[in-house]
Amino acid sequence: MTSRTLQMKKGTRDRKKRELEAAKAEGLHMRWIGTRDLPGAGIKTRMTCMKTRLREVHLLSSCEHAALLELWWDENVMTFFEAVPLPPEDTQRAALDVGVEHPKYGAEDEPVVLSTDLVAIYEREGKLQMKAFSVKAYMPGRRGELTPRQLIEQRYWEREGVEFKAVVMDGMHSPRSKNLSWLLRAENDMSGRELSTDEQRAQTELTRRLRKRLDVIVIDACLRVDKILSLPPGSGARAFRQLAALRRVNFDLNARDPVQLPSAQVRVVTSVVTRTGDSHVRKS
């Protein structure tokens with residue numbers, strides 16, 4: 001929790017509470033703190049994806065960005081929400097339960113509105129489940145104990161019957177996070193439109209080459225697609241990115257440069273066995 005949050009003016013707090021009530025009445029998600037509320041603070045990100053039905057998500061740190069990408073990639077996750085506000089009367093009771101002092105706004109006696117960084121809705125075996133995440137930055141030497149605020153959040157979600165997990169992320173520095181962001185941009189580029197004939201041809205030819213392992217590395221296969229089909233430069237690489245975002249090809253997401261991977265390390269999905277909701281079961 002930042003000092004800026006603790007110093008939020010009463011007029012601003014009252015306005016945000018009214019907005020929350022209005023959104024709740026309409027069945028909409030309203031974040032407690034958004035990127036516009038903290039100008040000039042940290043690394044903030046706005047993004048959209050199909051799992052939020054293209055609702056703009058506001059993330060207040062690169063660590064939250066990395067954590068959310070993992071939720072986006074998890075096929076069991078149906079949707080997720082950020083900066084979910086918790087009722088102060090409930091978090092005060094949770095603070096008493098765990099024996100910590102509830103933070104207050106400045107010198108006032110009004111309790112701070114706490115929020116949980118990410119809340120995901122899962123589908124497992126035909127049942128919906130909720131899971132709450134508190135995201136913190138990785139710091140060498142820091143031990144893994146929960147902060148007083150996290151203890152309050154954990155107790156609050158326990159009382160709600162929801163699993164709570166404290167997640168430590170190293171921002172967007174890892175190759176995996178960068179690759180997931182790369183694939184999300186490909187998904188967004190394909191959203192709401194039909195693929196062109198050239199894009200479909202490129203995907204078909206690249207899939208054939210990768211399945212038969214006709215090229216040493218992925219970029220060789222992509223370049224051959226451009227040449228064979230007389231497509232603009234980069235069409236084959238774009239097809240690879242699209243196929244990966246569609247989960248029609250799989251590769252090690254920890255790879256520093258996916259197109260430099262040996263073709264033998266890329267698996268082509270050959271069939272879709274079944275579909276339940278938004279979850280897919282495949283054979284590779």
_Tell me whether Ile152 shares a hydrophobic cluster with Leu146, the cluster being built from Ile, Leu, Val, Met, Phe, Trp, Tyr side chains joined at under 4.5 Å._
yes
*asked:* Using side-chain contact (heavy atoms from CB on, under 4.5 Å), reason through Arg93 and Arg155 one step at a time and then give a plain yes or no.
replied: CA-CA 9 Å; Arg93 285 195 292 270; Arg155 181 55 181 153; over 6 Å; no
*Between atom CE of Met169 and atom CG of Leu69, what is the distance when rounded to the nearest 0.5 Å?*
8.0 Å
_Main-chain N/O of His173 paired to Ser177 side chain as donor or acceptor, under 3.5 Å_ = no
*asked:* In the structure I gave you, are the side-chain heavy atoms of Leu118 and Phe80 within less than 4.5 Å of one another anywhere?
replied: no
*More than 12 heavy atoms of other residues, nucleotides or ligands under 6.0 Å from CZ of Arg208: is that the case?*
yes
_Atom pair OG1 (Thr45) and NE2 (His58), whose distance is rounded to the nearest 0.5 Å_ = 11.0 Å
*Linking Ile, Leu, Val, Met, Phe, Trp and Tyr by side-chain heavy atoms under 4.5 Å, what else ends up with Met139?*
none
*Partners of Asp215 by side chain to side chain contact (heavy atoms under 4.5 Å, CB included), sequence neighbours excluded?*
Arg209, Asp220, Ala221, Arg224, Ser263
*Please round to the nearest 0.5 Å and tell me the distance separating atom CZ of Arg247 and atom CG of Leu183.*
9.0 Å
*Does the side chain of Glu70 reach to within under 4.5 Å of the side chain of Val77, using non-hydrogen atoms?*
no
*Under 3.5 Å side-chain donor-acceptor pair for Arg185 and Ser181*: yes
_Quick check: do Tyr105 and Val113 have side-chain heavy atoms less than 4.5 Å from each other?_
yes
*For Ala67 and Val135, which heavy atoms make the closest approach, and how far apart are they?*
CB-CG2, 3.8 Å
*Does the side chain of Val57 reach to within under 4.5 Å of the side chain of Cys49, using non-hydrogen atoms?*
no
_Taking CD in Glu194 as the centre, count heavy atoms belonging to other residues, nucleotides or ligands within less than 6.0 Å. Is the count above 12?_
no
*Is there side-chain contact between Pro258 and Asn179, with heavy atoms separated by less than 4.5 Å?*
yes
*asked:* As an exercise, state the distance from CG of Asp74 to CG of Asn76, rounded to the nearest 0.5 Å.
replied: 5.0 Å
*Euclidean distance, Arg267 CZ relative to Asn250 CG, rounded to 0.5 Å*: 5.0 Å
*asked:* What I want to find out is whether Glu56 reaches Arg31 closely enough, with some N-O distance under 4.0 Å, to be called a salt bridge.
replied: no
*Going through the distances and angles, do Lys17 and Glu110 end up as a salt bridge (Lys or Arg N to Asp or Glu O under 4.0 Å)?*
CA-CA 13 Å; Lys17 289 176 182 178; Glu110 183 179 350; 2.6 Å; yes
*Can you name the nearest heavy-atom pair linking Leu114 to Pro103, along with the distance?*
CD2-CG, 3.9 Å
*Please examine the side chains of Glu187 and Leu184, heavy atoms only from C-beta on, and report whether any two atoms are closer than 4.5 Å.*
yes
*Which atom names give the shortest non-hydrogen contact between Pro88 and His102, and what distance separates them?*
O-NE2, 4.4 Å
*Would you call Arg149-Glu153 a salt bridge at under 4.0 Å N-O?*
yes
*Under the side-chain contact (heavy atoms from CB on, under 4.5 Å) rule, what do His29 and Thr52 come out as? Steps first, then yes or no, please.*
CA-CA 10 Å; His29 169 63; Thr52 61; over 6 Å; no
_Residue pairs passing the ring pair (Phe, Tyr, Trp, His ring centres under 6.0 Å) test where at least one lies in residues 209-264, sequence neighbours excluded_ = Phe240-Phe251
*asked:* I'd like to know whether CZ of Arg53 has more than 12 heavy-atom contacts from other residues, nucleotides or ligands below 6.0 angstrom.
replied: no
*Taking atom CD of Glu145 as the centre, does the number of heavy atoms from other residues, nucleotides or ligands within less than 6.0 Å exceed 12?*
yes
*Would you check if Leu71 and Lys51 make a side-chain contact, meaning some heavy-atom pair closer than 4.5 Å?*
no
*Tyr156 and Leu86: which non-hydrogen atoms are nearest, and at how many Å?*
CE2-CD2, 3.5 Å
*Is any NZ, NE, NH1 or NH2 atom of the basic residue among Asp189 and Arg241 found under 4.0 Å from an Asp or Glu carboxylate oxygen of the other?*
no
*Group every Ile, Leu, Val, Met, Phe, Trp and Tyr by side-chain heavy-atom contacts under 4.5 Å, then state whether Leu214 and Leu223 land in the same group.*
no
*Interatomic spacing from CG in Leu68 to SG in Cys63 - rounded to 0.5 Å*: 13.0 Å
*Kindly indicate whether the side chain of Phe81, heavy atoms from C-beta on, has any atom under 4.5 Å from the side chain of Arg55.*
yes
*In terms of hydrophobic clustering (I, L, V, M, F, W, Y; side-chain heavy atoms under 4.5 Å; direct or indirect links), are Trp182 and Leu253 co-clustered?*
yes
_If we ignore hydrogens and angles and just use 3.5 Å, is the side chain of Glu64 paired with the main-chain N or O of Leu60 as donor and acceptor?_
yes
*Please answer whether the main-chain N or O of Ser196 pairs with a side-chain N or O of Glu199 as donor and acceptor at a distance below 3.5 Å.*
yes
*Could you state whether Tyr122 and Met50 fall into the same hydrophobic cluster, counting links through intermediate Ile, Leu, Val, Met, Phe, Trp or Tyr residues with side-chain heavy atoms under 4.5 angstrom apart?*
no
*Is it true that Glu21 and Arg18 have a side-chain N and a carboxylate O under 4.0 angstrom from each other?*
no
_Met47 CE: over 12 foreign heavy atoms closer than 6.0 Å_ = yes
*So, for Asn254 and Pro175, which heavy atoms are closest and what is the spacing to 0.1 Å?*
O-CB, 3.5 Å
*What closest approach, in Å, do Leu206 and Cys222 show between heavy atoms, and which atom pair accounts for it?*
CD1-N, 4.1 Å
*asked:* Assigning hydrophobic clusters by single linkage (Ile, Leu, Val, Met, Phe, Trp, Tyr; side-chain heavy-atom cutoff under 4.5 Å), is Leu96 placed with Val100?
replied: no
